[in-house]
Structures are given as structure tokens and as C-alpha cells.
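Step one of this worksheet: look at the structure below.
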Amino acid sequence: MADRARLSRAIYNIAAFSPRADEIAASVQTVIPGARFTFHPDPARQAILDSWPRSIDDGAARRDWAGRRATTSMR
């Protein structure tokens, strides 16, 4: 947990967490064996995602959190 007084903002870009639909499905299946999923990209929403930069600047988070990485879990 970061010291709130040291934070320069309330919301941060965090790089390294952008799972694909099949990765989410695989993660759920570790908890619910046999779960089945179907997914199809929506062309309009996919176009929005494709317009985003390939990498996110998480420099503010690394500076404010003294270089510690945030961790994210799907569980």
C-alpha cells in the first residue's frame, strides 16, 4: 500500500494487465472446471481498442510508489 500523502494523483495507468478473452476464460476454468465460453469481437469496440497506444505510460505510478510494481489478480 502506498502512503496516500506521497501520491500525485488518484488514478494511475498500470501497464502489464490486458488479458485476452481466452486468457480470462482459462482463468475462470481453473476455479470452475468445465465452464464454457463463447466470445466474438464487436467490430466497433475493437476499432476503439485498436486505436489505443500499444503501451501505457505508468511512470507516475512507478515514481509515486517508489518503483514498486502494483499487482493485479483475477481471483
Side-chain angles (χ1 to χ4, degrees):
M1 196 72 140
D3 178 4
R4 189 160 182 81
R6 294 184 51 200
L7 301 181
S8 63
R9 56 185 70 190
I11 298 173
Y12 293 86
N13 288 324
I14 306 291
F17 184 72
S18 45
R20 298 183 320 258
D22 62 322
E23 293 170 326
I24 294 170
S27 180
V28 170
Q29 288 169 335
T30 65
V31 179
I32 307 171
R36 295 176 43 137
F37 301 88
T38 59
F39 41 90
H40 304 282
D42 177 287
R45 290 182 181 187
Q46 188 62 47
I48 293 168
L49 294 173
D50 291 341
S51 74
W52 292 352
R54 294 282 180 224
S55 64
I56 294 176
D57 179 6
D58 64 355
R62 286 185 280 123
R63 276 189 309 277
D64 287 0
W65 297 338
R68 293 179 302 192
R69 291 207 174 262
T71 58
T72 305
S73 173
M74 290 183 58
R75 282 189 160 182

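The shortest heavy-atom contact between Arg9 and Ala60 is CZ-CB, 3.6 Å.
Partners of Asp22 under the salt bridge (charged side-chain N to carboxylate O under 4.0 Å, His left out) rule, at least two apart in sequence or in another chain, are Arg20. A search for salt bridge (charged side-chain N to carboxylate O under 4.0 Å, His left out) contacts involving Arg36 returns nothing, not counting sequence neighbours.
Between Phe39 and Ile24, the closest side-chain pair of non-hydrogen atoms is not below 4.5 Å.
Within the structure, the side-chain hydrogen bond (donor to acceptor under 3.5 Å, both in side chains) test picks out the following pairs touching residues 41-52 (sequence neighbours left out): Gln46-Asp50.
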